[in-house]
Protein chains: 2
Amino acid sequence: MTEEGTLTSAPHTDVRRCELREVLDRIGDKWSVLVMALLSDGTKRYSELQRAIEGISQRMLTLTLRSLERDGLVERLVTPTSPPRVDYRLTPVGETLSGQVNALIGWADEHRGYVHAARDAFDSRQQATA
Amino acid sequence: MTEEGTLTSAPHTDVRRCELREVLDRIGDKWSVLVMALLSDGTKRYSELQRAIEGISQRMLTLTLRSLERDGLVERLVTPTSPPRVDYRLTPVGETLSGQVNALIGWADEHRGYVHAARDAFDSRQQATA
DNA sequence: CGGAATCCTAGTGGATACTG
DNA sequence: CAGTATCCACTAGGATTCCG
């Protein structure tokens, strides 16, 4: 311990850093939470998701669903008819994460005005400087 | 309304989609929440953050701090001495977001075992197929 | 000390075409 | 319908250098 105490703070920060990164890697991507938000309304087919999300490519929808399935947050239900039918739904754990995300949306909802105002103020300050 | 009702679900989803994207863009990047987590322990200097986060480049630390400041989540306090001293701290709103992030960490903590297990199971299933 | 500017690479994700 | 495969563009972010 070469003279710490003043610079490095609470060691628990380091511990939590790892899992923090994990969640963020999980939900921080472009589509995962959007898919989960839709599935929180109930089971949906692949094509339903594709149309509902609008802007997502087939590639990304598939990749997103796969990784959600891989992590046990979404379940894939295949009905081997012709044409095939595949439904997706949240697992119980997926629902809990969806709940957390909703809390985050709540925060955004509550503070969006503040953030936008701060942003505008900052930008005009910058322009004044430039 | 050209035959909806069966495919597109709850319209509130669309509404929330936007703010959801905004929060995620805000906290989804590589460093923002890490910086906020550190600042939740109290005011810190630029160099303290740089050493504490370890792995962050000067460029990214500066960019991260700037965007957090821009959104009114972090405050920048300059002491024009020589050499200069700059401190950063969370704003009250920044603290509330930090709280949300902590909730997310809580979720990760609680379910990390489940997610890892699901992941391993999925991967070995894939390998069996291949 | 606390940055800004420039350069460059790696990974994320879009467009398109093809398949069971 | 529900994907897979390939190619390509963009940008987040790292390394380095310079500045007040």
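Residue numbers start from 1 in every chain, and the chains themselves are labelled A, B, ... in the order their sequence lines are given, proteins ahead of strands.
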[X] has an atom [atom1]; how far is it from atom [atom2] of [N], in whole Å?
X     : N      : atom1 : atom2 : value
A:D29 : D:dC10 : CG    : C1'   : 17 Å
A:M60 : D:dC10 : CE    : P     : 17 Å
B:D25 : D:dT11 : CG    : P     : 13 Å
B:I56 : D:dA12 : CD1   : C1'   : 13 Å
A:L61 : C:dT12 : CG    : P     : 18 Å
A:Y46 : D:dT4  : OH    : P     : 8 Å
B:L65 : D:dG13 : CG    : C1'   : 15 Å
B:Q50 : D:dG14 : CD    : P     : 12 Å

Please check: side-chain N/O of [X] versus main-chain N/O of [Y], any donor-acceptor pairing under 3.5 Å?
X      : Y      : result
B:T91  : B:G72  : yes
A:T79  : A:T81  : no
A:R21  : B:K30  : yes
B:R26  : B:S67  : yes
A:Y46  : A:Q58  : yes
A:S124 : A:D120 : yes
A:E48  : A:R45  : yes

- Indicate yes or no: does A:R89 engage A:D87 in a salt bridge with an N to O separation below 4.0 Å.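 Salt bridge absent between A:R89 and A:D87.
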- Message: Any heavy-atom pair between the side chains of B:V93 and B:D71 that's under 4.5 Å?
- Response: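 Side-chain contact under 4.5 Å: no.
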- Message: A side-chain contact here means heavy atoms from C-beta on lying under 4.5 Å apart; do A:S40 and A:L90 qualify?
- Response: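 Of all side-chain heavy-atom pairs linking A:L90 with A:S40, at least one is under 4.5 Å.
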- Transitively linked via ILVMFWY side-chain contacts under 4.5 Å: B:Y88 with A:F122?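 Shared cluster, no.
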- Message: Let me test you: for the helix from C:dC1-D:dG20 to C:dG20-D:dC1, what is the angle between the axes at its two ends (five pairs each), rounded to 10 degrees?
- Response: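 End-to-end axis angle for the helix from C:dC1-D:dG20 to C:dG20-D:dC1: 40°, rounded to 10°.
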- Query: Counting only non-hydrogen atoms, which of residues 74-82 of chain B are less than 4.0 Å from DNA chain C?
  - Reply: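 Heavy-atom contacts with DNA chain C come from B:R76.
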- A:S47 vs D:dA2: side-chain N/O to OP1/OP2 distance below 4.0 Å: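 Checking D:dA2 against A:S47, a side-chain N or O does come within under 4.0 Å of OP1 or OP2.
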- Message: Given D:dC1, C:dC1, D:dG14, identify the nucleotide with an atom nearest to the side chain of B:P83.
- Response: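 Nearest to the side chain of B:P83 among the choices is C:dC1.
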- Contact pattern, 5' to 3', of nucleotides 15-20 of chain D - B, S or - by protein heavy atom under 4.0 Å: B-B--B
